[in-house]
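So the structure is just underneath, and the comments pick up after that.
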Amino acid sequence: MVLDVLYFAWVRERIGLGRERVETTAVTVADLVAELSAREERYALAFADLKSLRVALDQDLAEFSAPLAGVREVAFFPPMTGG
Amino acid sequence: MAVRVQAEPFDLGAESTAFAAGLRRAGAMVTFTGLVRDNGGALQAMEIEHYPGMTERAIAAMVDEAVTRWSLEDALVIHRYGRLGPQDQIMMVATAAPHRGDAFAAAEFLMDYLKSRAPFWKKELAADGSAWVAAKDEDEAALKRW
């Protein structure tokens, strides 16, 4: 499947881009993270501590254990600081 | 109900007046405004990044929840993004309810949720460098009371 993968805040800075299309066979978000981390050092650095990261699937917050079936857009970002 | 996510400044007085003018039943209206805080006096600017699309959806869901829980007649959330200066207005919330307790509670609920469930990220720029504002444990804990 092909996913739009988005990165925000320091995740975006560490990886060096805000959005990319990713061809993957990952079943869950965690699988996708492992796949990306294996690609290059900058991904491994960005995903080093999953506790300091959040993920949204099609713009709804989700868990790293969530399945990717039917998902089109995955976003990774640090805990939010609005308000 | 209205949710606006914008780069431009907003006029607090004009927004409050327009919100009040639209009310027909409410006995209480609460507004809250968040400003760019400069803790040490060295802040040059704050850059606010957000997730277009998810931001509007997430805030609209919070507003719907607040309206239902406190029987609000109306609610408004304006949140800015982009580059802001010290003491600039970042965001405002307005709530209107039959009684003040509900208007205050709904405004606090919206503020607590905006802090940690709306996809915004703040970066502080100072003369000696820049840093992303870290989320605070107490912000997450604040959600538990609702």
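Here is how names work: the chains are called A, B, and so on, in the same order as the sequence lines, proteins then strands, and each is numbered from 1.
Both B:L12 and B:I78 are members of a single hydrophobic cluster when ILVMFWY side chains are connected at heavy-atom separations under 4.5 Å. If you chain together hydrophobic residues whose side chains sit under 4.5 Å apart, A:Y7 and B:Y81 never meet in one group. The hydrophobic clustering, which links ILVMFWY residues whose side-chain heavy atoms are closer than 4.5 Å, places B:V77 and B:V36 together. Hydrophobic clustering, with ILVMFWY side chains joined whenever heavy atoms are under 4.5 angstrom apart, groups B:M1 together with B:M91. Under the 4.5 Å side-chain contact rule for hydrophobic residues, B:M54 and B:M62 do not share a cluster.
Counting non-hydrogen atoms of neighbouring residues, nucleotides and ligands closer than 6.0 angstrom, the CG atom of B:D11 exceeds 12 such neighbours. By the neighbour-count criterion of 12 heavy atoms within 6.0 Å, atom CZ of B:R69 is densely surrounded, having more than that number from other residues, nucleotides or ligands.
Looking at A:A9, both its backbone and its side chain come within 4.5 Å of chain B, counting heavy atoms on both sides.
Near-neighbour residues of residues 118-135 of chain B relative to chain A, defined by a heavy atom under 4.5 Å from a heavy atom of that chain, comprise B:A118, B:P119, B:F120, B:W121, B:K122, B:K123, B:W132, B:V133, B:A134, B:A135. Interface residues of residues 59-73 of chain A toward chain B, defined by a heavy-atom distance below 4.5 Å and sorted by number: A:Q59, A:D60, A:L61, A:E73. For a heavy-atom cut-off of 4.5 Å, chain B lies close to no residue in residues 19-42 of chain A. Among the residues in residues 75-83 of chain A, those with a non-hydrogen atom closer than 4.5 angstrom to a non-hydrogen atom of chain B are A:A75, A:F77, A:P78, A:P79, A:M80, A:T81, A:G82, A:G83.
Taking B:H79, B:M92, B:M111 one by one and counting their heavy-atom pairs under 4.5 Å with chain A, the maximum is reached by B:H79.
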